[in-house]
Amino acid sequence: MIRLLRALQVVVAGVALGCTGAFAQSGKTEVLWLGQAAFRITTPGGKVIVIDPWLVTNPKTPAQYKDLAALGNVDAVLLTHGHFDHSANATDVAVRYKAKMVAPPGLLDTLTSTGALPAELQVRMNKSGIATPIGPEIKINMVRAEHSSDYVWKNPTTGKQETLPGGEPVGFIIELENGFKIYHMGDTGLFGDMKMIGDLYKPDLVLIPIGGNFTINAQLAAYAIREMIKPKFAIPMHYGTYPILAGKPEDFVSGLGNAPTKVFVLQPGEKATF
Ligand SMILES: [Zn+2]
């Protein structure tokens with residue numbers, strides 16, 4: 001019976017593709033998953049925030065979104081850390097849309113020193129900071145993530161691969177115009193301050209990695225939601241892209257037991273609306 005009740009709490013959002021731009025000023029929050037840790041959030045006031053855009057070569061990103069022109073008019077890019085599967089198209093998106101980029105300061109410095117990110121698009125902040133680069137009604141809080149953040153690129157003058165500093169990895173808590181709070185955890189291992197983050201920020205929706213190996217797995221993610229963060233809603237991410245990211249959403253859901261958090265299991269290209 002409990003299992004059945006849990007199953008009923010899993011909401012599989014309907015597929016709604018190809019309606020970018022039609023969402024402006026709807027009063028609702030739209031969350032589109034693009035595979036791995038990439039999301040496009042359209043705010044109640046019509047602002048567009050893209051997080052961790054690895055799109056062009058991501059095997060799970062739907063074909064239409066591999067064309068960066070399909071994102072709509074992006075206002076801000078949020079980047080949690082330097083690894084390729086998060087940062088690959090971040091500067092491409094920021095430059096194309098003249099969108100502000102929020103990222104760990106060490107990573108911003110690296111992206112600018114390589115010539116990929118114009119300095120005027122940087123939003124300078126660090127953990128516990130609150131930035132408002134797209135208007136005072138949208139507050140972007142930078143919080144801890146337990147991970148690493150090197151940035152690997154191919155130096156065009158030498159043709160060799162180099163590893164550059166990427167600052168420290170972070171997560172973001174984005175408070176929207178209507179007070180709805182989205183916590184994108186980035187890549188993270190388990191850490192005790194997830195409880196403090198839950199108590200203090202009270203996120204409504206958590207975008208949480210479940211793949212394991214590089215991050216928390218499905219069971220640890222369920223523990224974090226059930227025992228520490230306790231949000232109303234959760235969307236699992238960072239799983240299934242490669243075999244090594246083996247965490248499964250059904251194990252995440254069953255690990256939640258009787259916790260009241262409602263889980264939206266999306267396929268890349270699907271949206272949930274709040
Ligand atoms: Zn990573």
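Whatever order the structure lists ligands and atoms in, that order sets their numbers, starting from 1.
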Practice task
Please find out if the Zn ion (ligand 1) and some N, O or S atom of Asp187 are separated by less than 2.8 Å.
Solution key: yes
Fill in the blank from the handout: Taking the Zn ion (ligand 1) as the apex, His83 ND1 and His147 NE2 span an angle, rounded to 10°, of 90°
Practice task
Taking the six-membered ring for Trp and the full ring for Phe, Tyr or His, determine whether the centres of Trp54 and Tyr65 are under 6.0 Å apart.
Solution key: no
Fill in the blank from the handout: For His81, the N, O or S atom at the shortest distance from the Zn ion (ligand 1) is NE2
Exercise for the section: Quick one: pull up NZ in Lys271 and CZ in Phe39 and give me the separation to the nearest 0.5 Å. Expected result: 14.0 Å
Handout entry: Glu227 (side chain) donor-acceptor with Ala224 (main chain) under 3.5 angstrom
Key = no
Handout entry: Side-chain donor or acceptor of Asn141 paired with backbone N/O of Ile173 under 3.5 Å
Key = yes
